[in-house]
Amino acid sequence: MLNKKYLAAVLISLVFAVLPLFAEKIIFSANRMTGQAGNTNTTTSLSGNAYIKTETMEIQADDVELSGDNYRYIKATGHINGKNLKTNMEFTCDSLEYDRTTKLASLKGNVNLEDKDNDVKAKAQIIDYNQDTEIAILQVQINLTQKDNVCSGSYAVYYKKSQLLEISGNAQVKQDDDVFRAQHITLDMDTQDITLGGNVKGTVTDTKQPEEEKPAAEEAEAPKPEEQPDEKEEGPKDGE
């Protein structure tokens, strides 16, 4: 007798064999599955160690829901780990919504996004990512690091292709010991150039080494010879 896990895996494989040849291939697995599988406008729920892989996206989560025509929409919740296979972006979050047609992904709750190609790491409560344009919009409690830059603010746009970052709302960029603050900050991550706009403030540390002090013995003036009192010539004594 087949066990339930094996039976579910066989069922899923058989169902996906009937999908149209032109459709994007979708692979998924889970402890449990409910709903119908096919290319009609239905909903399929995967729960318990849910895993799904499309041609451009790979997602692991506690629960995944597939809906829409040809499973256009993917929703995931709970301990999400994912990777965009096309743009080499990895992420973790509490919930995710992905539209396979528009290639738009919305990540929410303790979001961590890492651009593996450029060593850029971003944290926020909400990140919306467009896979086609490779643009990420970050909102709420933003923290982004790249090389020696530590960036923060309320709202930011990260352009992966051009390596440009725009920050607004209490925007701040730290570069080692230097700190820049403004209403709007633009950072070119290739050249490290910064453009500040609106209520600009900053602190820059002078890294020039001070000249070595000369030894005190060299700086001190040579002591003047002590003046000797003039010796008065004594006249001849009486009787001499």
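A continuous path of Ile, Leu, Val, Met, Phe, Trp and Tyr side chains, each step under 4.5 Å between heavy atoms, connects Val120 with Ile194, placing both in one hydrophobic cluster. Side-chain heavy atoms closer than 4.5 Å link hydrophobic residues (I, L, V, M, F, W, Y) into clusters, and following such links, possibly through other members, connects Val200 to Ile167. Clustering ILVMFWY residues whenever any of their side-chain heavy atoms sit less than 4.5 angstrom apart, transitively, puts Ile137 in a cluster other than the one holding Tyr129. Linking ILVMFWY residues whenever their side-chain heavy atoms come closer than 4.5 Å, directly or via other members, leaves Ile185 and Tyr159 in distinct clusters. Follow the hydrophobic side-chain contacts under 4.5 Å out from Leu113 and you never reach Ile135; the two are in separate clusters.
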### Query
side-chain contact (heavy atoms from CB on, under 4.5 Å) between Ile74 and Arg100: does it pass, once the steps are laid out?
CA-CA 8 Å; Ile74 298 174; Arg100 294 197 305 112; 3.9 Å; yes
#### Entry: Trace of the side-chain contact (heavy atoms from CB on, under 4.5 Å) decision for Thr44 with Met33
CA-CA 7 Å; Thr44 299; Met33 182 184 96; 3.8 Å; yes
### Task
Test Asn110 against Gln141 for side-chain contact (heavy atoms from CB on, under 4.5 Å), laying out the working first.
CA-CA 9 Å; Asn110 302 309; Gln141 298 176 15; over 6 Å; no
### Message
Does Lys83 form a side-chain contact (heavy atoms from CB on, under 4.5 Å) with Leu85? I'd like the steps, not just the answer.
### Response
CA-CA 6 Å; Lys83 183 176 183 178; Leu85 304 174; 4.1 Å; yes
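When side chains are defined from C-beta on, Ile26 counts as touching Tyr71, because their heavy atoms get closer than 4.5 Å. You'll find the side chain of Glu166 stays beyond 4.5 Å of the side chain of Ser168, heavy atoms only.
Residues satisfying the salt bridge (charged side-chain N to carboxylate O under 4.0 Å, His left out) criterion with Asp99, sequence neighbours excluded, are Arg72.
Residue Thr195 holds its OG1 atom at 9.0 Å from CG of Leu187, rounded to the nearest 0.5 Å.
Put simply, the side chain of Glu134 never gets that close to the backbone of Gln131: no donor and acceptor are under 3.5 Å apart. With hydrogens and angles disregarded, a donor-acceptor distance shorter than 3.5 Å links the side chain of Asn84 to the backbone of Lys86.
With respect to Lys75 and Asp63, no salt bridge is recorded, no charged nitrogen being found less than 4.0 Å from a carboxylate O. A salt bridge links Lys160 with Asp115: at least one charged nitrogen is closer than 4.0 Å to a carboxylate oxygen.
Residues Tyr98 and Thr56 have side chains that bring a donor and an acceptor to within less than 3.5 angstrom of each other. Counted by atom type alone, Thr92 and Asn81 present zero donor-acceptor pairs between their side chains at under 3.5 Å. Side-chain contact of Glu65 with Tyr73: a donor-acceptor pair under 3.5 Å is absent, judged by distance alone.
Applying the salt bridge (charged side-chain N to carboxylate O under 4.0 Å, His left out) test to pairs two or more places apart or on separate chains, none has a residue in residues 171-193.
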